[in-house]
Amino acid sequence: MKYFFILLLSSILVNAQVKTDALNLMPWPQNINLTDGNFALNKNFKVNITGNPNPRIFARATQFLRRLDERTGLFFEQGFVTKANEFPSAQLQINCAQNGKIGINQDESYQLEIKSDKITINATSDLGAIHALETLLQLLQNTSNSYYFPTATISDFPRFKWRGLMIDVARHFQPVDVIKRNLDAMAAMKMNVFHWHLSDDQGWRIEMKKHPKLHQLASDGNYYTQEEIKNIVKYADERGILVVPEIDLPGHASAILTAYPEVGSKINPDKNTYSIERNSGIFTPTLDPSNPKTYQLLSEIFDEVCPLFSGNYFHIGGDENEGKDWDSNPKIQEFKKKNKLETNHELQTYFTMQLIPILKKHNKTLMGWEEIMTKNMSKEAIIHSWKGPNEGVPSGQSLANVVKNGYKTVLSNGYYIDLMQSVENHYLNDPMPKNIPLTAEEKARILGGEATMWSELVTPTTIDSRIWPRTAAIAERLWSNENVTDLVSLRKRMKTISFQLEELGITHLRNKEVLLRNISNNQKNSALEDFSNICEPLKIYSRNSGGAEYQTYSPLTLFADACTPDAFDALNFNTVVNRYLENKNLENQILITNFLKKWIETNTNLIELSSNAPLIQPLLPLSKSLSDLSQQLLLIIDKKQAINPAELNDLLEQCNSKAHADVELAVYNSLKKLISD
């Protein structure tokens, strides 16, 4: 009997052993070594913290226990971690040498060692320990009746020091709970900078005590109180995240000028009225750089806003200023001549340079989009690089120009998640240019990157589905080794990470059902779900072309809002097509025809649903095109019938239409491969 139990235990341990490629870690660690064994979890599991950490580690360790409780149902005896060295014999020992400070130049490294009877985290500061706890959570494995961590040693640190996410709350306001749940998701993905875009043409989002007209006249009632801002900054701090606010200047200023038209650049600004914009786009209202009252107002605004944010950086925008009102104002033109400013770009540099001492008074370093860079711009400024091929600039060239001119930079080109591009576009986009030689000193000026979530086409209901899970891939690009680029591995791991993000309150999965239920008029919506899994929203600003179809108050509850990039069934279909083209055996043929039959049935069911759901009507032309093409392909594949190539290509191109419901069929390219064979 004794030998039987030894054999049984050995069998369990063998079955529980995990291979590295079976793990779902994101970002992938710098160094990981799995060993043969496991640490079995039970309800007696406890955490102990030693060293000299920031108190934030106690709350994060407590949250770690609750998240582990949630996944395992073990309900550990330890409720809260409240002080250092509380349980010296605990199975999880966290050693932090020093108090971590929130910023971009901190040591965030950690070492994680999992033995069969003990887990140890060693980190320079609590910031690294927080990252280690996230990795440990992702390592959780299970058998049919128990949970465990595989034994392993991990040594990890970030490749880049700036790993950010920007959320624009001006175009569509995002309430406090949206910001907080995304901060939780950022922490899970080891991101450390939250860039908060707080003003634009469409709204001013900060309560102002001394200049209340800003939030009273330019926010539609949607703004954050100063206490809410302080609370969010504290919430981010507790998760190791730096908050960088942005007030966009001197352009994108309609909201500011709605409250204070006297500092605008129109001729006779006192007699001209401004209003906040309801549409999307680039607008002309611009602050007057020749007016001393402009700088007086901005100084008073920064005096009130800067103390709300504990970090050392302040983003002043500076992008997309067309200068039309400057050109038409004789007073401003005379100011340019007097100060020997030949271009509007030089005039904007003059304006920006006046902000540097205003911000420095509050210990803030100025940061702005790349338009602020000229030969006269202070080298202390951080230049935010955003232009690329979509703006006619070769990939990597904009960022390279910045560092070659002696500036520190953060990259966002290639990380614009509002463009609705596939995760592949973001994941293979590296902040370090591959095609442009840079010196070691120039490379050191590349601080990292930032995903940008512009909110023209998102609401609190849909914003999470536009940020996650693709931003997890960007987080990996900014943390992990540059050679970690396997897309198959990425997609596999992202699927699990996507579910884990939902545990943190991210709504990207659950809210899709809410939208589809609305579209189907509360009917059974499985056909609608199936169709959404092969459709994606129109990309690269081709939806809402001209910026006037949807406004800042539009709820955005249409089919395109339920669809996401990387449509699940489209990816699967592409895999099946590739297999079929390599080997047209019966098994692969059946896989292809199953998809085709499913789409024919989906079209039939959508037509039936549409009789009591007007919001389905716009989908029907695209669904019909796919159904018609699928029927023809079944005749070719199943019945071996010859079909007129011109007729087939005509049906294929109908499936490439971008004219229906703001979506495109994500299976088009795979169908094209299938037909071209």
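We number each residue from 1, following the sequence as shown. As the structure is a computational prediction, the values presented were derived from the model and not from experiment.
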Checklist entry - So, does S412 use its side chain to make a donor-acceptor pair with the main chain of E450 at under 3.5 Å? => result yes
Checklist entry - If every non-hydrogen atom of E529 is compared with every non-hydrogen atom of S532, which pair is closest and at what distance? => result O-OG, 2.7 Å
Checklist entry - Do we see a donor-acceptor contact under 3.5 Å between the side chains of T62 and R66? => result no
Next on the checklist: Are more than 12 heavy atoms, taken from residues, nucleotides or ligands other than F87, located less than 6.0 Å from that residue's CZ atom?
Outcome noted: yes
Checklist entry - Would you say the side chains of E502 and H508 form a donor-acceptor pair under 3.5 Å? => result no
Item to check | Side-chain donor-acceptor pair present, N231, K180, cut-off under 3.5 Å | outcome: yes
Next on the checklist: Please report the interatomic distance CG(N99) to CZ(R56), rounded to the nearest 0.5 Å.
Outcome noted: 6.5 Å
Next on the checklist: E476 and side-chain contact (heavy atoms from CB on, under 4.5 Å): which single residue from M494, R493, M189 fits?
Outcome noted: R493
Checklist entry - Are the side chain of N429 and the backbone N or O of N413 linked by a donor-acceptor pair below 3.5 Å? => result yes
Checklist entry - Does a donor on one side chain sit under 3.5 Å from an acceptor on the other, for T35 and T151? => result yes
Next on the checklist: Looking at R163 and E108, is any side-chain nitrogen of the basic one under 4.0 Å from a carboxylate oxygen of the acidic one?
Outcome noted: yes
Item to check | Heavy-atom side-chain contact between H362 and F309 under 4.5 Å | outcome: no
Checklist entry - Just by modelled atom types, is the W479 backbone N or O under 3.5 Å from a matching donor or acceptor in the Q30 side chain? => result yes
Next on the checklist: Before you tell me yes or no, could you show the steps for Y147 and F39 under ring-ring contact (aromatic ring centres under 6.0 Å, His included), namely the whole-Å CA-CA distance, both residues' side-chain angles and the distance that decides it to 0.1 Å?
Outcome noted: CA-CA 9 Å; Y147 291 89; F39 176 96; over 10 Å; no
Item to check | Within 6.0 angstrom of E513 CD, more than 12 heavy atoms from elsewhere | outcome: yes
Item to check | Minimum side-chain heavy-atom gap V47-L65 below 4.5 Å | outcome: yes
Next on the checklist: With a 6.0 Å cut-off (strictly less than), is the heavy-atom count around CD of E441, excluding the residue itself, greater than 12?
Outcome noted: no
Checklist entry - Side chains of N533 and N572: does their closest heavy-atom pair fall under 4.5 Å? => result no
Item to check | Worked verdict on I463 versus I167 for side-chain contact (heavy atoms from CB on, under 4.5 Å) | outcome: CA-CA 9 Å; I463 188 169; I167 296 181; 3.9 Å; yes
Checklist entry - Is there a donor in the side chain of N31 and an acceptor in the side chain of D156, or the other way round, less than 3.5 Å apart? => result no
Next on the checklist: Is it the case that the side chain of R205 and the backbone of L198 share a donor-acceptor pair, with hydrogens and angles ignored and the cut-off at 3.5 Å?
Outcome noted: no
Checklist entry - By salt bridge (charged side-chain N to carboxylate O under 4.0 Å, His left out), which residues pair with K434, not counting sequence neighbours? => result E482
Next on the checklist: Do I316 and F302 make a side-chain contact, defined as non-hydrogen atoms from C-beta onward lying under 4.5 Å apart?
Outcome noted: yes
Checklist entry - So, N182 versus W468: side-chain donor-acceptor pair below 3.5 Å or not? => result yes
Item to check | Check: H315 side chain, H195 main-chain N or O, donor-acceptor pair, under 3.5 Å | outcome: no
Item to check | Charged N-O contact under 4.0 Å between R510 and D464 | outcome: no
Item to check | Presence of salt bridge, E113 and K118, under 4.0 angstrom | outcome: no
Item to check | Value rounded to 0.5 Å, distance of CE in M420 from CG in N425 | outcome: 12.0 Å
Checklist entry - Does any donor atom in the side chain of S146 or T143 lie under 3.5 Å from an acceptor atom in the other side chain? => result yes
Next on the checklist: Parallel, tilted or perpendicular: which one describes the rings of F173 and Y224, with boundaries at 30° and 60°?
Outcome noted: tilted
Checklist entry - Which value, rounded to the nearest 0.5 Å, describes the distance between E238 atom CD and L183 atom CG? => result 10.5 Å
Item to check | V305 and F314: CA distance, side-chain angles, deciding distance, side-chain contact (heavy atoms from CB on, under 4.5 Å) verdict | outcome: CA-CA 10 Å; V305 172; F314 206 109; 3.9 Å; yes
Checklist entry - Under a 4.0 Å N-O cut-off, is there an ion pair linking D177 with R181? => result yes
Checklist entry - Looking only at heavy atoms, what is the nearest atom pair of M191 and I241, with distance? => result O-CG1, 3.5 Å
Checklist entry - Do the non-hydrogen side-chain atoms of L112 and I119 ever get within less than 4.5 Å of each other? => result yes
Item to check | Exercise: do E246 and W196 side chains pair donor with acceptor under 3.5 Å | outcome: no
Checklist entry - Taking the side chain from Q93 and the backbone from P88, do they hold a donor-acceptor pair closer than 3.5 Å? => result yes
Item to check | E86 side chain to N48 backbone, donor-acceptor under 3.5 Å | outcome: no
Checklist outcome for this item: Rounded to the nearest 0.5 Å, the OG atom of S155 sits from the CG atom of N33 at a distance of 11.5 Å
Checklist entry - More than 12 non-hydrogen atoms from neighbouring residues, nucleotides or ligands closer than 6.0 Å to NZ on K492, yes or no? => result yes
Checklist entry - Are D184 and I506 side-chain neighbours, meaning at least one heavy-atom pair lies under 4.5 Å? => result no
Item to check | Trace of the side chain to side chain donor-acceptor pair (under 3.5 Å) decision for N54 with D126 | outcome: CA-CA 6 Å; N54 184 287; D126 48 276; 5.2 Å; no
Next on the checklist: Distance alone, cut at 3.5 Å: any donor-acceptor contact between the side chains of T50 and N95?
Outcome noted: yes
Checklist entry - If you round to the nearest 0.5 Å, how far is CD1 of I102 from CG of L127? => result 5.0 Å
Item to check | Flag side-chain contact, heavy atom, 4.5 Å: F45 against L68 | outcome: yes
Item to check | Test item: side-chain donor near acceptor, N105 and K161, under 3.5 Å | outcome: yes
Item to check | Aromatic Y235 / basic R239 pairing, under 6.0 angstrom, 45° off normal | outcome: yes
Checklist entry - Within a radius of less than 6.0 Å around NZ of K512, do more than 12 heavy atoms belonging to other residues, nucleotides or ligands occur? => result yes
Checklist entry - If every non-hydrogen atom of I436 is compared with every non-hydrogen atom of S395, which pair is closest and at what distance? => result CD1-O, 4.3 Å
Item to check | Considering all heavy atoms, the nearest P53-C96 contact | outcome: CB-CB, 3.7 Å
Checklist outcome for this item: Heavy atoms of N312 and L242 approach each other most closely as N-CD1, 4.4 Å
Item to check | Geometric cation-pi criterion R477 and Y427, 6.0 Å radius, 45° cone | outcome: yes
Checklist entry - Can you say whether the rings of Y313 and W162 are parallel (under 30°), tilted (30 to 60°) or perpendicular (over 60°)? => result perpendicular
Item to check | Non-hydrogen atoms of A472 and I497 that approach each other most closely | outcome: CB-CG2, 4.4 Å
Checklist entry - Does a side chain donor of either S398 or E370 reach within less than 3.5 Å of an acceptor in the other side chain? => result yes
Item to check | Residue among R67, K190, R60 satisfying salt bridge (Lys or Arg N to Asp or Glu O under 4.0 Å) with E134 | outcome: R67
Next on the checklist: I'd like to know whether H384 forms a ring-ring contact (aromatic ring centres under 6.0 Å, His included) with W369, so could you lay out the CA-CA distance, the side-chain angles of the two residues, the decisive distance to 0.1 Å, and finally the verdict.
Outcome noted: CA-CA 4 Å; H384 198 158; W369 301 103; 4.0 Å; yes
Item to check | Residues, nucleotides or ligands: over 12 heavy atoms within 6.0 Å of K495 NZ | outcome: no
Checklist entry - Taking atom types as modelled and ignoring hydrogens, do the side chains of Q111 and N122 form a donor-acceptor contact shorter than 3.5 angstrom? => result no
